[in-house]
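Written out below as structure tokens is the structure these notes cover.
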Amino acid sequence: MNYFPDEVLEHVFDSIASHKDRNSVSLVCKSWYRIERYSRRRVFIGNCYSISPERLIARFPGLKSLTLKGKPHFADFNLVPYDWGGFVYPWIKALAESGIGLEELRLKRMVVSDESLELLSKSFANFKSLVLVSCEGFSADGLAAVAANCRFLRELDLQENEVDDHRGHWLSCFPESCTSLVSLNFACLKGEVNLGALERLVSRSPNLKSLRLNRLVPLDTLQKLLMRAPQLVDLGIGSYVHDPSSEASNKLKHAIQRCKSIVSLSGFLEVAPRCMSAIYPICGNLTTLNLSYAPGLHGNKLTKLIQHCRKLQRLWILDRIGDKGLGVVASTCKELQELRVFPSDPFGAGNDAVTEEGLVLVSAGCPKLNSLLYFCQQMTNAALITVARNCPNFIRFRLCILDPVKPDPVTNQPLDEGFGAIVQSCKRLKRLSLSGLLTDQVFLYIGMYAEQLEMLSIAFAADSDKGMLYVLNGCKKLRKLEIRDCPFGNSALLEDVGKYETMRSLWMSSCEVTLGGCKTVAEKMPSLNVEIINESDQTEFNLDEGQKVDKMYLYRTLVGHRKDAPESVWIL
Amino acid sequence: MEVGLKMAMKGGGDHVGGCEKEKMGFEETELRLGLPGGGGGGEGGGGEVVRKRGFSETVDLKLNLSSKQDTSGIDPNDEKVTGLNKEKNLLLSAIDPAKPPAKAQVVGWPPVRSFRKNMLATATQKSSTDESGGEKVAFVKVSMDGAPYLRKVDLRMYTSYHQLSDALAKMFSSFTIGNCGSQGVKDFMNESKLMDLLNGSDYVPTYEDKDGDWMLVGDVPWEMFVESCKRLRIMKGTEAIGLAPKAVEKCKKRS
């Protein structure tokens, strides 16, 4: 090993893409550590508070691509105060001042201000790719800065962000010289965009492969865009309402047919079901289809569409599809790997929802299924056992029964056995979300069988601390554990505090842990930040050690307490 | 260690049969090993079973389960459970059984991103109006060549061309409508009959659609017609000859 020149090792390391592997490589010896760190181009930071930008820059001076995640997952469901943290500005500032040639920035659940975007756009001459997922804090002004200043921009991908929209002049800010766009996704923007600017931009972007429009792009513009970009691979249609017998519809149909490379289709934020026939010509090529924002599509029109999609590998759909519709999926989409069924009525009891029957049908018809997110009215142990037998390849299995403590409706039993079958059968399971009536038993199964499990989400489950202990003791590869409304208390929390250093984070809300218990963890483990989130109107935290903690979020960190926590967050 | 922490709910002799059936395929895998790190051994009675905090302290979600609970094997000696049942009953009486259970009051459940919730809320509003066909009324002007004044009809009052033409006939009864009855409309589908009619002096029902084109009434399904019709014009046959090529084309396509 010592006799290879550095260049050779670098060349070898170049072919190692996975972050995990590169991290392992850097631990082999000092010289490997050194070579690896200078040759590292991409870094993934799963918790932006686990390390500081300064240390990142010091270790990886050749950094080109950075991925950062901010808020804990349960922030998606309004369990985290809006000002909790996750600000990207300090990162961009530090990177800008360091002279790092940043080319790509991917952010998830972070607060991104217009100021950050402007600084980003002006600081990195070679900046190519900006991907924002579930972020907030910016407006179209920030986007305008990116459009105007990033001369070699290839990718601007905005997924499900809350954007303060003004009228969309930002599209006009792309200079005429910008011809490098490969991917443009503004589906989440609520404002109008300058249609002429959009058409011109697409016309001068011969490499454009992915285009996702928002709701306010009218049909005739869509048609023109498709005529100018028949090379598209991924298309997101915003509004899709037209009279199939009209001239406009015929033109659109013709334009769609020319796009023979489209393999991914999404959007339909506004849709009239009878228009879907215009899409049929390209359905045969689709590998990804996302109809999860189209509640207007259901019944025959929906199943007819799906029957054309024989090559589908990934399907995101609303529960309006029903069990019968899932049967059609099962008989048509033999290549299906990922299925997500979202609730069409997230606020109340879904009348059109799916049940265990639909899932069983899909598991029987789609043997390659390995990733599932399934919101349903009910589930039975028998169904889960069948699914486990049919599909032993699950990597992600997330089941959400809309009534969170519902037992098996046939037997009135908890769903322990069903989930137990899943973890026993699916040896490669990395992510699991549970729901329904569950006792400590299911956690015993998880601890015993889910050897590869990395992320576990639990809500309204278990009877005692034993449940949490089974998991902490058994799941050696656990990285993220998030728990809400379970009777886990201090004895579970404190049993093995060293464990938390091997994990990215632990979230516990509405459980039985007390302030005293959390303090003990913080005292014993200086390498953890233990945060208590208290959103009530109390002006000072009740210092009674026996007080139950409403929300606790702890995570390992190399840089101690963060300085940007709001008043509602107390770091122990 | 015998698996199966005894839960108050799971007990009850009448339930054992059901449990056995349920576990049939699973017996081989029933766990018999000792727990890592913890002692084996039983818990005493029901004393160590800690009730889910969710019952008494959060909004009760099991409104529909409470009746089942009474018949399942709950140990009647478990005071905690009895107490909880009381609370449940209190909650039940306070809540109108006709309303759906108070799911919406649980923060962050179901676990759906706010962004998605908001998008669906807007999308559902729009699509429900689409399904009901837009506005609840669809008044369009009806003109008839030679008539001194126009009329207005609400297309939503009718569910078929037949009904519409009957209504129009009544409206313009003082004038000759001719073949605007259902048979007349069907005749337009028939090429030879069409040519005869258009060459005659009979009337032809036409409409202006969303694109501004003048179309022959009767080609498209009723619902589609209602959604795209802006106004109606009952033309004299001789004037409708300009429409004939289009209509004939359509007839050709059909056959």
Side-chain angles (χ1 to χ4, degrees), chain A residues 74 76-79 134 160 162 188 241 243 245-248 269-272 293-296 342-344 346-349 375 381-382 385 400 402-407 411-413 417 420-421 424 439-441 444-445 448 459-460 462-464 466 469 473-474 484-487 510-512, chain B residues 3-5 7 9-10 15 18-19 21-23 25-26 29 31 33 35-38 48-54 57-58 61-62 64-65 68 72 100-101 103-104 106-117 119-121 123-124 126-127 130-131 209-211 213 219-220 224 227-228:
Chain A
F74 278 4
D76 280 350
F77 319 129
N78 297 335
L79 290 176
S134 292
E160 301 196 344
E162 297 287 355
C188 65
V241 180
D243 181 351
S245 60
S246 68
E247 184 61 33
L269 310 173
E270 215 170 66
V271 62
Y293 285 112
F342 292 96
S344 53
F347 293 107
F375 286 83
N381 283 310
I385 291 168
C400 179
L402 291 168
D403 178 350
V405 288
K406 191 165 180 159
T411 63
N412 218 27
Q413 294 300 302
E417 299 305 311
Q424 218 198 337
T439 72
D440 288 344
Q441 181 72 4
L444 177 58
Y445 291 143
M448 289 198 69
F460 302 101
D463 311 306
S464 75
K466 287 195 165 71
L469 287 171
N473 288 333
R484 63 165 291 181
D485 294 274
C486 294
S510 304
C511 295
E512 304 284 319
Chain B
V3 142
L5 300 163
M7 229 187 97
M9 262 181 62
K10 223 175 172 180
H15 262 255
C19 286
K21 273 197 191 140
E22 201 49 43
K23 283 189 180 167
F26 217 60
T29 58
L31 304 160
L33 305 171
L35 276 181
E48 281 187 47
V49 174
V50 176
R51 221 37 188 173
K52 280 198 260 297
R53 188 180 167 212
E57 291 174 49
T58 58
L61 304 156
K62 291 167 64 176
N64 56 353
L65 192 60
K68 282 184 192 163
S72 74
K103 291 190 183 91
V106 180
V107 176
W109 194 270
V112 176
R113 273 189 193 158
S114 323
F115 179 88
R116 179 173 286 280
K117 275 186 184 163
M119 287 282 272
L120 277 175
T124 319
K126 291 200 172 181
S127 76
D130 277 348
E131 280 162 28
D209 73 359
K210 278 186 182 155
D211 295 338
D213 300 320
D219 282 332
V220 298
M224 200 179 286
E227 279 182 59
S228 52

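So that the names make sense, note that chain A is the first sequence line, chain B the second, and so on, each numbered from 1.
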Minimal heavy-atom distance between B/Leu120 and A/Pro295, with the atoms involved, is CD2-CD, 4.1 Å
In terms of heavy-atom contacts, A/Leu269 and B/Met119 come closest through CD2-CE, 3.5 Å
Tightest non-hydrogen contact, residues B/Val107 and A/Asn78, listed as CG1-O, 4.1 Å
Distance col, row B/Lys117:NZ vs A/Phe77:CZ, nearest 0.5 angstrom, shows 8.5 Å
So, B/Trp109 side chain and A/Asp403 main chain: donor-acceptor pair closer than 3.5 Å or not? no
- Query: With a 4.5 Å limit on heavy-atom distance, are the side chains of B/Pro111 and A/Phe375 in contact?
  - Reply: yes
- Query: Are any of the side-chain heavy atoms of B/Lys210 and A/Ser246 separated by less than 4.5 Å?
  - Reply: no
Residues A/Glu162 and B/Phe115: closest non-hydrogen pair is OE2-CA, 3.7 Å
